2 protein chains.
Amino acid sequence: MEDAEQTIADRIQARLETLTRAERQLAHSILENYPASGLGPISALANDADVSTPTVARMVQKLGFKGYPEFQSELREELKAKVKSPIAKHDTWAEGAPSGHMLNRFTEAVIDNIRYSLGQIDTGDFDAACAQLADTTSKLHIVGGRITHTMAEYLFLHMQMIRPDVIHIQSTSNAWPHYLLDVKEDDTFVIFDVRRYESNTLKLAEMARGRGARIILFTDQWRSPIHSLADICFSSRIVVPSAWDSAATTLLLVETAIAAVQDLMWADTKERMQTLEDMFDQTKLFRKFT
Amino acid sequence: MEDAEQTIADRIQARLETLTRAERQLAHSILENYPASGLGPISALANDADVSTPTVARMVQKLGFKGYPEFQSELREELKAKVKSPIAKHDTWAEGAPSGHMLNRFTEAVIDNIRYSLGQIDTGDFDAACAQLADTTSKLHIVGGRITHTMAEYLFLHMQMIRPDVIHIQSTSNAWPHYLLDVKEDDTFVIFDVRRYESNTLKLAEMARGRGARIILFTDQWRSPIHSLADICFSSRIVVPSAWDSAATTLLLVETAIAAVQDLMWADTKERMQTLEDMFDQTKLFRKFT
DNA sequence: ACAATAATGAAACTATCCTTTCAGTTTGCA
DNA sequence: TGCAAACTGAAAGGATAGTTTCATTATTGT
């Protein structure tokens, strides 16, 4: 290796800006399974990245190699060196940052939270919750707290695409009675309540319960007092090296639920999505490509 | 990979006794720089071991591979699997659920996204972005799109607690000019824009840039067109087994940034937090305990 | 010590891979 | 809007790598 301390991955990273679309696509594919992907035949790599082989050949030349074989050769050298070095420590997430860097500490904590929380989860509950979310015979109300209303809204935005009769109850508690007026027996409430449990939210839960609604609760490891009112309760560990809590695990659960519900309802949703697309087209909200 | 958990190295070790002289020589050479040596051309390997290429070809077949290419292919698979850090290589996250359950598939994908995105990140950029977010000599504007405005708001809610002069620009584009009126040179914009890139958001970025603002962009792996206007750009991988994209990695970055900024400003923030607590007490928004 | 068997590598052959050219397409700019 | 430059992939060519054959050498048993 002529270049002192720079890995090929670094070189690719560095030149990412100067690359063309297909090349960038390829670059990502290389970095995806680095370095294994780069050690196979050029055509396999091209295939994985959905580009043509000439693109690969050109890019490696752009990166300063004489040809693909030379590129591979240096990759192998790099691999040799890496394996030899005392610890091939991949226990750090943001490579190039000390393991004490906030990025690594925080990510570590979040992964830990995810592992722990997922380990705790009752899959039966989860499936039941998804089924309930997919039940269009009754309305679906979604509500969050001071911070968690962002999660609530995230769920709302997606549910709204998937099914009809989804209501997002905004956090201004003055308006709650109006919302509750229309609640029927067996309506579903999804409630987010994590620590600094809000008395307002508890009130709402009680009222909803009083009107016969079923409650799905997303809370933290200590569980909001609402859990005694809830039919199904998901608790996520939320502690991270920060003055605040992490919503990452909660979001993961929410997104997973969205995916699961979407799977359950694909037949009904498909058409709904198409209609949505058409409307987007008409409003020209999005750019056509990339 | 037919054999469940056995690495190729193991297979070679196991059959070491049954090999002939030249083959044993070769085997040692392979294990010497495993797996790099086996990933090069057959002739290079033969040379290193001081045997002939047919010897290599024969031994590989003896080991049960159809030919040298197949041998290499499996070596690469092995490498791929190895690189995935032990932490992340969790077969099932939600124990008690089949690995094909949405919970496991989704989580797997998210962890993968996190690993990949974090691996991409330039720590220097990250630190610079945090420093900029902590810079109270200028205003901080936060803006998101149709879905991402939830992320924007999440960031806003926390930043608002940490520092003064934080503005959340709501997505209704009619009001943008009003917001932009007050933008000064060197104000900071945090913009969220993931695929289905919105033309509105691009417009806003252009206008902000035109007024001399610095832009920090959170986008996806394909990068919003805004990236060419941005000073700092964070791209997260967002693909999951769902009809929609995952914001989990983006949220992780946002939360980490919040924690880092909070660290940078602890002295100033402390007091601010206390004031906030006092006000919460007065409004009795929260329940006193758990 | 001799013959039979196995092992090994040189060389030829075949298959695959890498590169380059070229034409169609997109993109950027005036 | 039209033109020029750049990007991209299909296809062909040239190069390299992998396999097989076969003659030579080492090994083992008698």
Side-chain angles (χ1 to χ4, degrees), chain A residues 8 12 15-30 35-77 286-290, chain B residues 8 12 15-30 35-76 197 199 202 205-206 209 222-229:
Chain A
I8 293 179
I12 296 177
R15 303 204 50 175
L16 211 60
E17 303 301 320
T18 72
L19 298 176
T20 65
R21 178 194 53 81
E23 285 173 343
R24 190 148 38 219
Q25 206 170 312
L26 169 63
H28 279 111
S29 180
I30 294 175
S37 48
L39 291 167
I42 196 171
S43 56
L45 181 54
N47 243 311
D48 279 355
D50 267 316
V51 298
S52 65
T53 48
T55 302
V56 182
R58 274 190 291 261
M59 194 179 89
V60 294
Q61 289 177 358
K62 229 183 191 176
L63 288 170
F65 302 99
K66 215 178 144 228
Y68 190 68
E70 187 182 305
F71 166 74
Q72 286 191 316
S73 163
E74 295 213 14
L75 265 185
R76 281 194 302 272
E77 287 303 318
F286 301 117
R287 295 164 55 85
K288 274 181 238 130
F289 269 137
T290 50
Chain B
I8 293 179
I12 295 177
R15 304 202 49 172
L16 210 61
E17 300 306 318
T18 74
L19 298 176
T20 66
R21 179 194 51 78
E23 284 173 344
R24 194 152 30 218
Q25 207 172 311
L26 169 62
H28 279 115
S29 180
I30 293 176
S37 47
L39 292 167
I42 194 171
S43 56
L45 180 54
N47 246 310
D48 279 355
D50 267 319
V51 298
S52 66
T53 50
T55 301
V56 182
R58 274 191 291 260
M59 191 179 91
V60 165
Q61 289 176 357
K62 231 183 193 173
L63 288 170
F65 301 100
K66 214 179 144 226
Y68 191 69
E70 188 182 303
F71 166 74
Q72 287 192 316
S73 163
E74 294 212 13
L75 266 185
R76 280 196 301 272
Y197 310 120
S199 21
L202 179 57
E206 279 163 356
R209 187 80 203 173
W222 304 284
R223 297 200 303 185
S224 141
I226 296 176
H227 91 264
S228 57
L229 300 167

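This one's a predicted model, so the numbers in the text were calculated from it and none came from an experiment. Note on naming: letters A, B, ... go to the chains in the order of the sequence lines (proteins, then strands), and numbering restarts at 1 for each one.
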Worksheet item: At what distance, to the nearest 0.5 angstrom, does CD1 of A:I12 lie from CG of A:L16?
Response: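 Answer rounded to 0.5 Å: 8.5 Å.
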For residues 43-60 of chain A, which side-chain N or O atoms pair as donor and acceptor with protein atoms under 3.5 Å away, sequence neighbours left out?
unit_1 : atom_1 : unit_2 : atom_2 : d
A:S52  : OG     : A:T55  : OG1    : 3.1

Worksheet item: Earliest and latest nucleotide of DNA chain D, 5' to 3', sitting under 4.0 Å from a non-hydrogen atom of chain A?
Response: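 So the outermost contacting nucleotides come out as D:dC7 to D:dA11.
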Does [X] have any side-chain contact (heavy atoms from CB on, under 4.5 Å) partners at least two apart in sequence or in another chain, and if so, which?
{"X": "B:R209", "value": "B:I215, B:L229, B:D231"}
{"X": "A:R76", "value": "A:L39, A:Q72, A:S73, B:L39, B:P41"}
{"X": "A:Q61", "value": "none"}
{"X": "A:R15", "value": "A:T18, A:K62, A:L63"}

Practice prompt. Using a 4.0 Å heavy-atom cut-off across all strands, classify A:Q25 as base, sugar-phosphate, or nothing.
Written response: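 The residue A:Q25 makes no contact with any strand.
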Worksheet entry | A:H28 side-chain N/O to A:Q25 backbone N/O, donor-acceptor pair under 3.5 Å |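 No, A:H28 side chain to A:Q25 backbone: no donor-acceptor pair under 3.5 Å.
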Response to the item:
Per-nucleotide protein contact along nucleotides 7-18 of chain C, 5' to 3', at a 4.0 Å heavy-atom cut-off (B base, S sugar-phosphate only, - neither), is SBBB------SS
Item to complete: For residues 37-67 of chain A, pull every pair meeting ring-ring contact (aromatic ring centres under 6.0 Å, His included), keeping only residues two or more places apart or in separate chains.
Response: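 Of all non-adjacent pairs touching residues 37-67 of chain A, those that pass ring-ring contact (aromatic ring centres under 6.0 Å, His included) are A:F65-A:F71.
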